[in-house]
Amino acid sequence: MTAHDLTDLLERVAERTAVGPPPLARMRDGVRRRRRRRAVLGGVGLTATVVAGTLLVPVLTNPGHEGRSAQPATTQTPPVVSPPAPSVRLHGTYIVTALVGRHGHSALPKHGALARLGITFRDGRIHATDGCNDLRGGYVLHGDRFHLERGGAVTLVGCVPPAPPLFERLGDVTSVSHDQGGIYLEDADGKVVVALVRPS
Amino acid sequence: MDGEDDFTAYVAAQWPRLVRSAVLLGCSPAEAEDVVQSRLERCLLHWRRVRAASDRDAYVHRVLINTFTSSRRRRWTGERPTADLPDAVAPDETSGVDDADAMVRALKRLGHDQRAAVVLRYYARLTEEQMATVLGVAPGTVKSRLARALAALAADRALGDLRGAP
């Protein structure tokens, strides 16, 4: 195969992927958010340094000096720290590509007609399906902290074979991260519980 | 042209090729757009540095490849269940009849390094020197990876059938 053939084939493979216009506005928004976050974190760091310096300098220059009588650190005005912007955007429908059971192994069905496990997040509402039953409820995402609200409704169809423990594991999720376009729902130990991708 | 305009012009010209490069490297189309978007955001954050780079394409591809490579080293717990993906995220098996599909399958059979080398050289059309920069290896390593990848593709049965070879 010549280099020309290879390039031609790769071009044909690549052109099968429909690509929309570049999301320039979203990129600029993303950069603005990153810069704001840096500025806030920088301000917090600077304030912490100033406060630490205010408290430590009298102690270091006068070892007998009790820190209690130092100038109160409240003379420094701390910057207003807004609540963290969601670092992960959960919105839309995802396919479950990995589900890790509590024993640490895959809990996805391994053969037969693969049930489609999926989750839709929309405006604080979650709709998950384990291929047999559905869960509908609410969730809270604050920064990367995730919490599935209690009181969701689950259908109770008897499933043979038993459905994978998607709903049970969603209850263990405490944080969300993303990488390569995939979303990872993680438990309190930081272990991935569920991996999600958008349907292609 | 100021930094933002320069960035806009660059992205408008390169976006489809970067997204498709990511797909050829192994991302799903949706993943590819997310990855390229997030990497370009990072480039915009440091656009002055990117502009100052002697080879902007090599710089951007390097960011892309590093992201892709690090994602393959990502921490995981236990086995990788993605080997048994639901069919919705698997490649479209039903359309596996034409030469482009044969190429996709052949790419998947290559190792990650060889696949990256083929995509960068024959799709992104980087020179071997640029590839050495992007991959962080010596030019000789680029040559040997490419040679091995081409040998593997030449021996690939699906592509052989495509050429009418025995």
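Order of the sequence lines sets the chain letters (A, B, ...), proteins ahead of strands, with each chain counted from 1.
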From CZ (A/Arg16) to CZ (B/Arg20), nearest 0.5 Å: 12.0 Å
Single-linkage hydrophobic cluster B/Leu64~B/Val23, side-chain heavy atoms < 4.5 angstrom: no
Contact class of B/Glu33 relative to chain A, heavy atoms under 4.5 angstrom: side chain
Pairs of heavy atoms under 4.5 Å with chain A: top-ranked of B/Gln37, B/Arg39, B/Arg42: B/Gln37
Common cluster, A/Leu90/A/Ile119, ILVMFWY with side-chain heavy-atom separation under 4.5 Å: yes
Under the side-chain contact (heavy atoms from CB on, under 4.5 Å) test, residues paired with B/Arg56 that sit two or more places apart: B/Asp6, B/Tyr10, B/Trp47, B/Val50, B/Arg51
A/Pro22: which of B/Leu18, B/Val36, B/Thr8, B/Val11 passes side chain to side chain contact (heavy atoms under 4.5 Å, CB included): B/Val11
Pairwise distance CG(A/Leu9) to CG(B/Leu107) - rounded to 0.5 angstrom: 9.5 Å
Note, A/Pro21 side chain near B/Trp15 side chain (heavy atom, < 4.5 Å): no
4.5 Å side-chain heavy-atom contact, B/Leu24 and A/Thr17: no
Residue pair A/Leu6 / B/Met103, side-chain heavy-atom distance below 4.5 Å: yes
Residues of residues 117-134 of chain B with any heavy atom under 4.5 Å of a heavy atom in chain A: B/Val118, B/Tyr122, B/Tyr123, B/Arg125
Minimal non-hydrogen separation, B/Ala30 against A/Arg198, with atom names: CB-CB, 4.0 Å
Lys/Arg N to Asp/Glu carboxylate O, B/Glu41 vs A/Arg32, below 4.0 Å: no
